[in-house]
*Asks:* 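The following block contains the structure, expressed as structure tokens.
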Amino acid sequence: GYGHTVPLSDGGKAFCIIYSVIGIPFTLLFLTAVVQRIIVYVTRRPVLYFHIRWGFSKQVVAIIHAVVLGFITVSCFFFIPAAIFSVLEDDWNFLESFYFCFISLSTIGLGDYVPGEGYNQKFRELYKIGITCYLLLGLIAMLVVLETFCELHELKKFRKLFYVKKDKEEDQVHIMEHDQLSFSSISDQATSMKEDQKANEPFVTSQSPTSNDSSINN
């Protein structure tokens with residue numbers, strides 16, 4: 001959201017709200033699905049290959065891979081595009097171009113620098129399409145790098161410091177309560193089954209012992 005193009009009418013603002021509520025979650029789902037598929041081929045398989053084929057430590061290979069991937073991503077999506085923007089935009093220097101790349105790919109989007117706004121610029125429509133593709137690919141690359149660093153063993157240990165630890169006694173109490181409930185439910189089911197069986201049995205009259213004795217004497 002750079003803020004240089006905004007809706008002015010009430011209908012446009014309402015449409016923008018509805019479109020954002022629907023579009024932002026779908027965009028996040030799309031980016032997550034793409035990153036989860038890319039990271040298998042970009043991160044996990046290369047690390048596993050060097051670990052199995054060459055016998056290197058998996059943690060060391062993961063750290064080196066993350067650093068190299070981060071350097072390649074910064075070079076391809078920050079330094080090189082900044083140099084290109086500094087050439088294509090007349091009033092931008094390299095620092096301002098790098099600033100635009102960082103603000104855009106970090107999803108801050110202040111809007112103080114927007115490329116392709118000059119009407120006298122050649123191939124302005126094609127230039128806008130290229131910027132859109134650059135931003136989309138850059139966001140995917142940034143998410144892949146972040147996910148790669150998050151999978152490092154050292155960062156996982158650091159993240160565990162912020163997790164809420166469960167009390168073992170509370171867990172045991174919950175387990176005991178669950179066992180008691182399950183045992184009581186099983187016993188209730190058994191008693192009900194016995195009652196049903198008794199109800200379904202045919203009625204048989206029991207003969208008195210005096211009648212039995214008389215029949216024996218006869």
Side-chain angles (χ1 to χ4, degrees), residues 1-5 16 19-54 56-86 88-89 92-116 127-166:
Y2 291 134
H4 65 293
T5 302
C16 183
Y19 178 79
S20 300
V21 169
I22 299 174
I24 291 175
F26 275 96
T27 303
L28 294 176
L29 289 174
F30 168 75
L31 293 175
T32 303
V34 172
V35 169
Q36 291 298 323
R37 283 163 175 77
I38 291 177
I39 200 170
V40 174
Y41 300 97
V42 175
T43 299
R44 294 171 185 169
R45 287 189 178 181
V47 171
L48 191 63
Y49 173 80
F50 282 101
H51 172 63
I52 296 176
R53 183 66 180 272
W54 301 99
F56 295 114
S57 175
K58 192 174 182 179
Q59 297 180 8
V60 175
V61 174
I63 293 173
I64 296 174
H65 175 269
V67 172
V68 172
L69 184 63
F71 178 77
I72 293 174
T73 303
V74 170
S75 300
C76 294
F77 290 95
F78 285 91
F79 288 107
I80 295 176
I84 295 174
F85 283 128
S86 63
L88 296 178
E89 299 291 332
W92 290 14
N93 55 26
F94 181 81
L95 179 59
E96 292 172 336
S97 301
F98 186 88
Y99 169 81
F100 163 76
C101 296
F102 177 80
I103 293 297
S104 299
L105 296 184
S106 60
T107 66
I108 298 174
L110 295 177
D112 47 352
Y113 289 93
V114 180
Y127 184 40
K128 288 283 190 179
I129 295 174
I131 293 170
T132 304
C133 295
Y134 158 73
L135 294 176
L136 182 61
L137 294 176
L139 284 174
I140 294 174
M142 291 293 294
L143 291 175
V144 169
V145 172
L146 290 176
E147 186 68 22
T148 301
F149 275 93
C150 287
E151 289 189 354
L152 294 178
H153 182 68
E154 288 75 12
L155 285 182
K156 286 183 179 180
K157 291 171 62 177
F158 179 74
R159 285 159 53 191
K160 288 181 180 179
L161 297 176
F162 300 94
Y163 291 163
V164 177
K165 295 182 180 179
K166 294 183 178 180

*Asks:* Are any non-hydrogen side-chain atoms of V144 and L69 less than 4.5 angstrom apart?
*Replies:* yes
*Asks:* Is there side-chain contact between I140 and F77, with heavy atoms separated by less than 4.5 Å?
*Replies:* no
*Asks:* Around atom CZ of F50, are there more than 12 heavy atoms from other residues, nucleotides or ligands closer than 6.0 Å?
*Replies:* no
*Asks:* Taking the side chain as every heavy atom from C-beta outward, state whether E151 and V47 have any pair of such atoms under 4.5 Å apart.
*Replies:* no
*Asks:* Does V68 reach the side chain of H65, with side-chain heavy atoms less than 4.5 Å apart?
*Replies:* no
*Asks:* Return the orientation label for the F98 and F79 ring planes: parallel under 30°, perpendicular over 60°, tilted otherwise.
*Replies:* tilted
*Asks:* Can you confirm whether W92 sits close enough to P115 that some side-chain heavy atom of one is under 4.5 Å from a side-chain heavy atom of the other?
*Replies:* yes
*Asks:* Roughly how far, to the nearest 0.5 Å, is the CG atom of L152 from the CD1 atom of I63?
*Replies:* 6.0 Å
*Asks:* May I ask you to check whether over 12 heavy atoms, not counting those of K128, lie within 6.0 Å of atom NZ?
*Replies:* yes
*Asks:* Atom CZ of F100 and atom CG of L105: how far apart are they, to the nearest 0.5 Å?
*Replies:* 8.0 Å
*Asks:* Does a side-chain heavy-atom distance below 4.5 Å link I103 with Y113?
*Replies:* no
*Asks:* Are there over 12 heavy-atom neighbours, none belonging to F94, within less than 6.0 Å of that residue's CZ?
*Replies:* yes
